[in-house]
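For reference, the structure is listed below as structure tokens.
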Number of protein chains: 2
Amino acid sequence: MNSKELIFQAAAKLFREKGYAATSMRELATQVGLEASSLYNHIKSKEEILQEICLRNAGKFTAGMKIIQDISNLNALQKLESIIRLHVVIASEDISSVTVFNDEWKHLKEPVLSNFLKQRKQYEQSVKVILQEGIEQELLKKVDIEVALFSFLTSLRWIHYKFAKGRISSERLTENLKTILIFGLANS
Amino acid sequence: MNSKELIFQAAAKLFREKGYAATSMRELATQVGLEASSLYNHIKSKEEILQEICLRNAGKFTAGMKIIQDISNLNALQKLESIIRLHVVIASEDISSVTVFNDEWKHLKEPVLSNFLKQRKQYEQSVKVILQEGIEQELLKKVDIEVALFSFLTSLRWIHYKFAKGRISSERLTENLKTILIFGLANS
DNA sequence: GTCTATATAAGGATAGAC
DNA sequence: GTCTATCCTTATATAGAC
């Protein structure tokens with residue numbers, strides 16, 4: 001891995017633990033074994049690091065969603081399951097990075113911020129369409145789409161917690177989330 | 001409302017929008033119509049504001065949980081429903097403050113941080129006991145308790161989103177969350 | 001590509017006049 | 001209780017030697 005990638009990785013870890021604004025370039029430099037000024041031979045600015053982390057993850061989710069949409073023989077339930085798996089896989093690949101993507105995007109500056117929010121909105125819209133499809137086909141209950149959307153996605157937004165703390169496998173996590181989020185906690 | 005409370009309120013709004021670390025005392029002062037130095041006639045430090053916001057909300061959740069536990073004739077499903085209502089009510093009372101409580105606690109310093117985390121752990125433990133009860137009584141499916149706990153609580157941790165963006169009533173939100181989180185999205 | 005030194009800005013917080 | 005002035009620290013980022 002080159003210096004730039006090592007910096008991104010160390011930055012993701014720090015941004016996750018302390019938050020973007022509370023992380024200094026001096027701390028980051030120490031983590032990668034350099035002086036602060038030396039970082040600027042590899043990156044343009046602190047902001048650039050955040051942009052890279054956020055946009056890379058946005059790209060992963062967008063690409064994953066496109067694949068799910070393109071598999072035409074999945075019904076709404078199977079699509080939701082695929083989305084759960086997508087979130088678990090991305091979180092398992094790089095926990096720190098996806099946490100920064102989730103929690104620190106608000107420190108992005110224009111015009112990157114608008115670009116980021118547009119992508120997120122589009123992703124949410126894709127999930128919304130699947131939920132609507134499911135309700136129309138009577139595969140899903142007639143719930144408020146907005147509440148379902150936010151409840152579903154925010155549950156998935158915190159998957160990294162489990163990987164960070166626990167020793168649960170991707171498969172078991174996916175299976176459990178599928179049961180809980182789609183079929184509910186209650187015994188029916 | 002006295003000056004101190006006005007400062008807390010303005011601070012919660014700013015901390016929520018920009019994050020604790022990215023909010024300056026000068027900005028906060030401007031919001032309440034003062035110079036930065038004048039704030040210190042009402043509060044001891046920036047940190048004290050965060051402490052107040054976090055501990056007040058922690059207190060609300062702890063108190064609410066105690067009441068739910070004390071109602072002895074509720075079964076696990078009814079207790080979970082009560083917890084949903086508790087989160088909706090607290091979020092509806094003061095959206096900014098509860099968001100700061102959720103997202104900015106990591107900037108607390110010791111010994112307050114440990115105290116805060118202890119309270120949070122205790123709250124999670126209470127929910128866990130209810131989930132275990134529900135599984136033992138076969139009211140709930142045999143899911144991984146940790147996944148159920150985190151999935152349930154994190155869904156509720158983002159309720160403020162709905163109040164901020166939408167025009168949904170507390171009653172309708174509670175009802176929808178109950179359906180989704182307890183009985184699942186899927187039609188059974 | 002890394003370092004030391006430094007420019008420049010902004011941060012939290014205090015002193016003391018009114 | 002609020003102000004102006006300021007202390008002191010820390011921040012991002014650049015310049016220029018090696």
Side-chain angles (χ1 to χ4, degrees), chain A residues 1-55 96-97 100 103-113 116, chain B residues 1-55 96-97 100 103-113 116:
Chain A
M1 199 184 297
N2 64 27
S3 298
K4 193 161 182 171
E5 287 307 316
L6 285 172
I7 290 170
F8 285 148
Q9 200 170 51
K13 192 162 177 292
L14 284 172
F15 292 172
R16 177 198 183 187
E17 289 165 2
K18 323 189 47 157
Y20 174 76
T23 300
S24 75
M25 296 300 274
R26 286 174 175 84
E27 272 179 292
L28 174 56
T30 303
Q31 280 297 312
V32 295
L34 290 174
E35 291 301 315
S37 60
S38 303
L39 294 173
Y40 293 89
N41 282 309
H42 306 283
I43 51 114
K44 217 182 86 240
S45 64
K46 186 183 177 185
E47 162 91 3
E48 189 206 12
I49 303 175
L50 183 64
Q51 287 176 9
E52 267 291 308
I53 295 172
C54 288
L55 293 181
S96 295
S97 152
V100 171
D103 299 346
E104 304 298 323
W105 58 265
K106 72 170 100 169
H107 297 107
L108 291 170
K109 285 175 195 148
E110 297 293 1
V112 177
L113 178 59
F116 178 87
Chain B
M1 201 184 299
N2 64 27
S3 298
K4 194 162 182 170
E5 288 306 315
L6 284 171
I7 291 170
F8 284 148
Q9 198 171 54
K13 192 161 178 291
L14 283 172
F15 291 172
R16 177 198 183 187
E17 289 165 3
K18 322 190 51 160
Y20 174 76
T23 301
S24 74
M25 294 302 274
R26 287 172 174 81
E27 270 179 294
L28 173 56
T30 303
Q31 280 298 311
V32 295
L34 290 175
E35 290 302 316
S37 60
S38 304
L39 294 173
Y40 291 90
N41 283 309
H42 305 283
I43 52 115
K44 215 183 87 239
S45 64
K46 185 184 179 186
E47 163 91 2
E48 190 206 12
I49 303 175
L50 183 64
Q51 286 176 9
E52 268 291 308
I53 294 173
C54 289
L55 293 181
S96 295
S97 152
V100 172
D103 299 346
E104 303 299 324
W105 58 266
K106 71 170 102 168
H107 298 107
L108 290 171
K109 285 175 196 146
E110 295 293 1
V112 177
L113 177 60
F116 178 85

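Naming: A, B, ... by sequence-line order, numbering from 1 per chain. Quantities reported herein were computed from a predicted structural model and do not represent experimental measurements.
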Could you tell me whether Ser3(A) contacts a base, only the sugar-phosphate backbone, or nothing, with contacts defined as non-hydrogen atoms closer than 4.0 Å?
nothing
Need one value for Leu34(A): base, sugar-phosphate or nothing, where a base atom within 4.0 Å counts as base even if backbone is also close, heavy atoms only.
sugar-phosphate
Can you check the [X] [atom1] to [N] [atom2] distance for me, whole Å?
{"X": "Phe15(B)", "N": "dG11(C)", "atom1": "CZ", "atom2": "C1'", "value": "13 Å"}
{"X": "Lys46(B)", "N": "dA10(C)", "atom1": "NZ", "atom2": "C1'", "value": "12 Å"}
{"X": "Arg26(B)", "N": "dT4(D)", "atom1": "CZ", "atom2": "P", "value": "13 Å"}
{"X": "Met25(B)", "N": "dT14(C)", "atom1": "CE", "atom2": "P", "value": "10 Å"}
{"X": "His107(B)", "N": "dG11(C)", "atom1": "NE2", "atom2": "P", "value": "15 Å"}
{"X": "Tyr40(B)", "N": "dG16(C)", "atom1": "OH", "atom2": "P", "value": "18 Å"}
{"X": "Glu35(B)", "N": "dA10(C)", "atom1": "CD", "atom2": "P", "value": "16 Å"}
{"X": "Leu28(A)", "N": "dA13(D)", "atom1": "CG", "atom2": "P", "value": "11 Å"}

Glu5(A) side chain near Asn2(A) side chain, heavy-atom distance below 4.5 Å:
yes
Is the NZ or CZ atom of Lys46(A) both under 6.0 Å from the centre of the six-membered ring of Tyr20(A) and within 45° of that ring's axis?
yes
Is a donor from one side chain sitting under 3.5 angstrom from an acceptor on the other, for Gln51(B) and Glu47(B)?
yes
Answer with yes or no whether Ser24(A) presents, from its side chain, a donor or acceptor under 3.5 Å of a partner atom in the base of dT12(D).
no
Any N/O donor-acceptor pair, Ser37(B) side-chain to dT4(D) base, under 3.5 Å
yes
Is it true that Lys44(B) and Glu52(B) have a side-chain N and a carboxylate O under 4.0 angstrom from each other?
no
